[in-house]
Amino acid sequence: MELIITEKNNAARRIADILSGGTYDSSRTNGVNVYEWGGKRCVGLSGHVVGVDFPSEYSDWRDVEPVELIDADVEKTATKENIVATLRILSRKAERVTIATDYDREGELIGKEAYDIVRNVDDDVPIQRVRFSSITENEVTSAFDEPDELDFDLAAAGEARQIIDLIWGAALTRFLSLSSGQLGNDFISVGRVQSPTLKLIVDREREIEAFDPETYWELFADLEKDGEATFDAQYFYRDEDDNEAERVWEEAVASEVFETLSERDSATVVDVNRRTRTDTPPTPFNTTQFIRAASAIGYSAKRAMSIAEDLYTAGYITYPRTDNTVYPDDLDPEELLDDFVGHPTLGDSAESLLESDDDIVPTEGDEETTDHPPIHPTGEIPSRGGDVSDDEWEIFELVVRRFYATVAEAAIWEHLKVVTEVDDYRMKSNGKRLVEAGYHDVYPYFNTSENFVPDVDEGEELALADVDLEEKETQPPRRYGQSRLIETMESLGIGTKSTRHDILEKLYDRGYVESDPPRPTRLAMAVVTAAEDYADRVVSEDMTAQLEADMDAIANGDATLDDVTDESREMLEEIFANLADSRDEIGDQLRKSLKDDKRLGPCPECGEDLLVRRSRHGSYFVGCDGYPDCENTLPLPSTGKPLILESECEDHGLNEVKMLAGRQTFVHGCPLCKAEDAGEGPVLGECPECGSDEGGELAVKTLQSGSRLVGCTRYPDCEYSLPLPRRGEIEVTEERCEEHDLPELLVHSGDDPWELGCPICNYQEFQARESDSGSELESIEGVGAKTVEKLETAGIESLADLTEADPDTVAEDVDGVSADRVRSWQAKA
DNA sequence: GCAAGGTC
């Protein structure tokens, strides 16, 4: 029996399909798919199935000096035990093993990991390696016809990276965490990729903070040809380098130009310049460009990748993690376009592309790699609202249309620049017109707005009107957006196609950045500063560049793994020698910045700082740093995680607070204002619970936390209450509900006020909706709303569906759910 | 409980 090992399940299935001509059988061992046909078995790993770590005696952070990690052993342990076990079982029966992992460095290392597992159970079985640059019949069959050997040097290059990343990351992370007393969940992390990325964000923030705005002026006017065609013109001059400049830096000069232009009612055309510009279609999607395009239509990097992975697994698009921007030879664009002909929304574009007289030649990017093709549709089309959600469809359409764009014609723009003169002052008007839409017809994501400037001739007189002098300020540089950061990481060579977006998420998780675009916390700035002072290497992209060079040397046989890791260990030793004396100083700085991140402003009772704190139960509140001398506290809403905004309350000098709670995120404002506003609003009517007996009345109330409700004036003796929305001003109208004799309420938020109606009716409708949407699956202990949603998408909608389902299939279909868990639910159901 | 890299 021959055993074929691939990097992932999907690749295993497709290779089995190709090599067996579609006749393979599939079965499961330990929850791992095994594909079998004519004396062959094929199994997919899940990327790395083993990982590097220190021996367990190093695991207690307090017992081990971080510096000791530098010379500690590094062990490999199984991280995907079921897959490792399956591999061992299958190897015992194998007469030959073929490693068919991805054709790149990490793939070679993953292949070597499989090799070691196989060798552990059988030291004789022949092990060969096949390499192919895309999973197509031609490539795969010819690779299997001429198998090769595993490249141990290339794998060793990858291992060196693993070891260096672990040692530097763990030793420095532990040092900073221990020095500041941040153990447990809030440890302070450092790493070869995350820290240079964080430094990019921090450096930009430093520029923004140091920015000193300057005032300048710009002048605009309207020009008019023949009393009808009006267009814009802007004043410009030549600066000392003879470049065109629009910004005037002296007010006196700006006023002089303004007065002259305002006095005149015409300008003379002195120059007309026409040119056509070819606007070439974009290149095929690699991961970074895909994330950029998705972010332009409102998807975060994380969300875009997560949707792309789902579309890939479902078979609608190709593998979304790729650096490649050149379609492989075996991709036939006409054939792929054919798959979309006749589709109600995507068909027209495909048909128009196929009708073109010219041969279809796709665009190419600069990067051509061997592991995966650029992201493109497979030809399978999901149904919107059926197979995929609206968001998934939107991303799918983006991928399809990008493919269209790469095989479409260029667009042609006509640019018209008109220069006019008034005395010695000049103005310019830049017009542009899209004369041939080209790829924009099939790829409507780019801005194609035109700017009108009429045809004029040199010497022509144009009417001049509405001269406008605008005072402006230079702006600080803008923060990096997520997709800009990922692009910059790519250009600096840090991270990989698969990890860059994860690294950004890590920065959020670690409390280093907040909001979108990411804004660094004071902690982030302190960590970067400390690293710059003592371990400059770990915040510089040079560390990766050097590592890449070293890895190439190992792969080429010019160095060994030990050469490279020993040298790296020595460098880290030196860093620790310098760090030793500064431990307390660094710790103080980090602790101080951690406090700065929680500070709202001065406590009105004692003048110390008010800080956002967390109670023992996990809820957030505002407390005074002077505690226990000062016991002043303010409440915060119970939903979400507080984010301290840059804006300050004018009355109290406290920063405003936003509550982050996904879709329910809202701005709470100044906690002190909220506390002062708390109390009872207008009375609505008799309390249905105690009104007739005790005379209680219903009133609109604002709690200290900022949340609102309709409650009984006899609270806490009567606890009757009805919910109200958190946002918007509440208006009590004249109309009354006949059934409950309460006024109808109107909520003013956004542009249009909406009718909440009678608060009792509103609450009853709300409850009815809730019980409607509630699923009986939720009655099972351990099954929450999220799991129900996942189960429902897998076709399990009732208790009966669940009990009849095959646990293994359910585990396969539902993310993060094991077959054992399904069995336990079945028992409970 | 540390990193970064695979993949789900």
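A, B, ... follow the sequence lines: proteins, then strands. Residue 1 opens every chain. Heavy atoms only: backbone and side chains are in, while hydrogens, waters and symmetry mates are out. Every value quoted in this text rests on a predicted model; they were computed, and no experiment measured them.
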Check your understanding: Which part of the nucleic acid, if any, lies within reach of A:L183 when heavy atoms closer than 4.0 Å are counted: base, sugar-phosphate only, or nothing?
Key -> base
Exercise for review: Could you check how far CG of A:L109 sits from C1' of B:dA4, rounded to whole Å?
Suggested key: 12 Å
Check your understanding: Can you tell me if the side-chain N/O atoms of A:T499 get under 4.0 Å from OP1 or OP2 in B:dA4?
Key -> no
Revision key, fill the gap. Against the side chain of A:S189, the closest entry in B:dC2, B:dC8, B:dG6 is B:dC2
Review point. Below 4.0 angstrom from OP1 or OP2 of B:dG5, is there any side-chain N or O of A:R192?
Key: yes
Exercise for review: Give a yes/no on whether any side-chain N or O of A:K506 is located under 4.0 angstrom from OP1 or OP2 of B:dA4.
Suggested key: yes
Check your understanding: With A:Y312, which of A:F290, A:F396, A:Y319 fulfils ring pair (Phe, Tyr, Trp, His ring centres under 6.0 Å)?
Key -> A:Y319
Check your understanding: Taking CZ from A:R161 and C1' from B:dG6, how many angstroms apart are they, rounded to a whole number?
Key -> 9 Å
**Study point:** Contact under 4.0 Å: A:S177 side-chain N or O vs B:dC2 OP1/OP2
**Key:** no
Check your understanding: For B:dT7, does OP1 or OP2 lie under 4.0 Å from any side-chain N or O of A:R321?
Key -> yes
Review point. Could you state the CZ-P distance from A:R174 to B:dC2, rounded to the nearest angstrom?
Key: 11 Å
Exercise for review: Report yes if at least one side-chain N or O of A:R510 is closer than 4.0 Å to OP1 or OP2 of B:dA3; otherwise report no.
Suggested key: yes
Check your understanding: B:dC8 base to A:N9 side chain: any donor-acceptor pair below 3.5 Å?
Key -> no
Practice item. Kindly say whether, by distance alone, the side chain of A:T313 makes a donor-acceptor pair under 3.5 Å with the base of B:dC8? Key: no
Review point. Would you say the side chains of A:T544 and A:R192 form a donor-acceptor pair under 3.5 Å?
Key: yes
Review point. Are OP1 or OP2 of B:dC2 and a side-chain N or O of A:Y58 less than 4.0 angstrom apart?
Key: no
Review point. B:dG1 base stacked by A:W61? Criteria: ring centres under 5.5 Å, plane angle under 30°.
Key: yes
Exercise for review: Round to the nearest Å and state the distance from A:R13 atom CZ to B:dC8 atom P.
Suggested key: 10 Å
